[in-house]
Structure formats: structure tokens, C-alpha cells
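Below, read A as the first sequence line, B as the second, and so on, with proteins coming before strands; counting in each chain starts at 1.
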Amino acid sequence: MRTFKDRVREVVAAIPRGQVMTYGEVARRAGHPNAARAVGAIMKSNFDPAIPCHRVVGATSLGGYNRGLDLKRKRLQEEGYAGV
DNA sequence: CAGCTGACTGTAC
DNA sequence: TGTACAGCCAGCT
């Protein structure tokens with residue numbers, strides 16, 4: 001039984017380079033439209049380098065990053081994200 | 001098993 | 001335009 005967490009990890013890992021997704025979008029893609037908070041809580045606990053959690057941003061803010069928000073911004077800019 | 005926590009989101013002032 | 005409040009869900013203790 002894949003938990004919501006596992007699906008979120010898959011969804012985030014499937015985000016193409018240069019593109020970002022909001023917590024709400026990820027939650028929706030994972031099957032839970034209103035579980036944006038749960039997504040954030042999961043990302044926080046997830047230190048797997050295979051998960052580009054820096055591509056997950058908030059709808060009104062950048063959100064956060066377990067390895068340093070500065071690194072997140074840097075990566076997004078390098079990938080071509082103009083939302084910074 | 002029940003309660004608390006959190007990288008959210010949308011609405012209201 | 002910016003800040004504050006309430007509602008929402010799953011994971012973890």
C-alpha cells in the first residue's frame with residue numbers, strides 16, 4: 001500500500017527540469033487536492049537526493065527547503081525558473 | 001489509538 | 001498592498 005507520502009515522492013521526482021509545481025498541485029496529482037500541508041510535512045522529512053524537492057514551491061511563496069532556502073533559489077534560477 | 005505538528009491555501013481586514 | 005485567521009490533510013510521536 002503506497003502511502004500518500006510515497007506518491008508525493010514519485011510526483012515530485014517526475015517534475016521536469018526548469019519547471020516547478022506548487023504543494024497543492026503535487027497534492028492533487030498525488031490524489032489529495034487539499035493535502036498541500038501534508039505534502040510540505042512530507043518534504044521536510046524527506047532528505048532523499050533523488051527527490052528534487054526544490055522544484056516544489058508554494059502558491060504564494062517559495063515555500064521552504066530542508067537543505068537551505070538559498071540553495072533552492074539558486075537551483076531554481078539555474079534551471080530557468082523565472083518566478084524568483 | 002489519539003493528539004500534535006507542519007516547506008499550504010484562500011479569504012478577510 | 002500587506003498582514004492575520006481559519007480550514008484542510010497525512011505523517012509522526
Side-chain angles (χ1 to χ4, degrees):
Chain A
M1 168 66 183
R2 264 188 261 163
T3 56
F4 178 64
K5 186 184 101 174
D6 289 302
R7 272 197 295 230
V8 169
R9 285 165 73 180
E10 290 179 61
V11 172
V12 176
I15 302 177
R17 184 181 176 282
Q19 185 180 328
V20 299
M21 200 173 291
T22 68
Y23 296 94
E25 286 295 290
V26 174
R28 191 163 73 100
R29 207 163 162 185
H32 296 254
N34 302 327
R37 291 188 76 164
V39 174
I42 292 164
M43 306 312 284
K44 174 171 81 76
S45 314
N46 182 54
F47 283 76
D48 192 329
I51 312 295
C53 31
H54 66 271
R55 288 181 189 158
V56 185
V57 300
T60 57
S61 7
L62 244 189
Y65 196 53
N66 50 18
R67 285 156 178 103
L69 189 56
D70 183 64
L71 179 62
K72 180 173 184 174
R73 285 185 191 162
K74 189 176 177 182
R75 276 194 166 187
L76 290 176
Q77 288 176 85
E78 291 181 331
E79 292 187 3
Y81 176 56
V84 197

State, yes or no, whether a side-chain contact exists between A:Arg55 and A:Lys72 at a heavy-atom distance under 4.5 Å.
no

May I ask you to test the A:Leu71-A:His54 pair for a side-chain heavy-atom distance under 4.5 Å?
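Sidechains of A:His54 and A:Leu71: no contact.
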
Between [X] and [Y] (side chain of the first, backbone of the second, donor and acceptor by atom type, cut-off under 3.5 Å), is there such a pair?
X	Y	value
A:Arg7	A:Ala30	yes
A:Lys5	A:Val39	no
A:Arg29	A:Val11	no
A:Asn66	A:Met43	yes

Whole angstrom value for the distance that separates [atom2] of [N] from [atom1] of [X]:
X	N	atom1	atom2	value
A:Leu62	B:dT9	CG	P	11 Å
A:Arg29	B:dC8	CZ	C1'	18 Å
A:Ile42	C:dG11	CD1	P	6 Å
A:Asn34	B:dG10	CG	C1'	11 Å
A:Tyr65	B:dA7	OH	C1'	12 Å

I'd like to know whether A:Val57 forms a side-chain contact (heavy atoms from CB on, under 4.5 Å) with A:Leu76, so could you lay out the CA-CA distance, the side-chain angles of the two residues, the decisive distance to 0.1 Å, and finally the verdict.
CA-CA 10 Å; A:Val57 300; A:Leu76 290 176; 4.1 Å; yes

Check this for me: does the side-chain of A:Tyr23 come within 3.5 Å of the base of B:dA7 through a donor and an acceptor?
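A donor-acceptor contact between them is present.
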
Would you find more than 12 non-hydrogen atoms of other residues, nucleotides or ligands less than 6.0 Å from A:Arg67 atom CZ?
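Yes.
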
How is [X] classified with respect to the nucleic acid when contacts are heavy atoms under 4.0 Å: base, sugar-phosphate, or nothing?
X	answer
A:Thr3	sugar-phosphate
A:Phe4	sugar-phosphate
A:Ser61	nothing

Counting heavy atoms from C-beta on, name the nucleotide in C:dC9, B:dA7, B:dT9 closest to the side chain of A:Ala36.
B:dT9

Between B:dT9, B:dA7, C:dC9, which nucleotide has the shortest distance from any of its atoms to the side chain of A:Ala59?
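For the A:Ala59 side chain, the nearest candidate turns out to be B:dT9.
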
Please give me every residue in residues 75-84 of chain A whose heavy atoms get under 4.0 Å of an atom in DNA chain B, ordered by residue number.
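Contacts with DNA chain B under 4.0 Å: none.
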
Pairs under 3.5 Å (N/O, protein and nucleotides 2-6 of chain B):
from  : atom 1 : to      : atom 2 : distance (Å)
B:dG6 : N7     : A:Arg37 : NH2    : 3.2
B:dG6 : N2     : A:Arg37 : O      : 3.4
B:dG6 : N2     : A:Ala38 : N      : 3.4

Base-pairing assignment for B:dG10 (Watson-Crick or G-U wobble, both under 3.5 Å)
C:dC5

Flag the pair A:Arg28 and A:Glu25 as a salt bridge only when some basic side-chain nitrogen lies within less than 4.0 angstrom of an acidic carboxylate oxygen.
yes

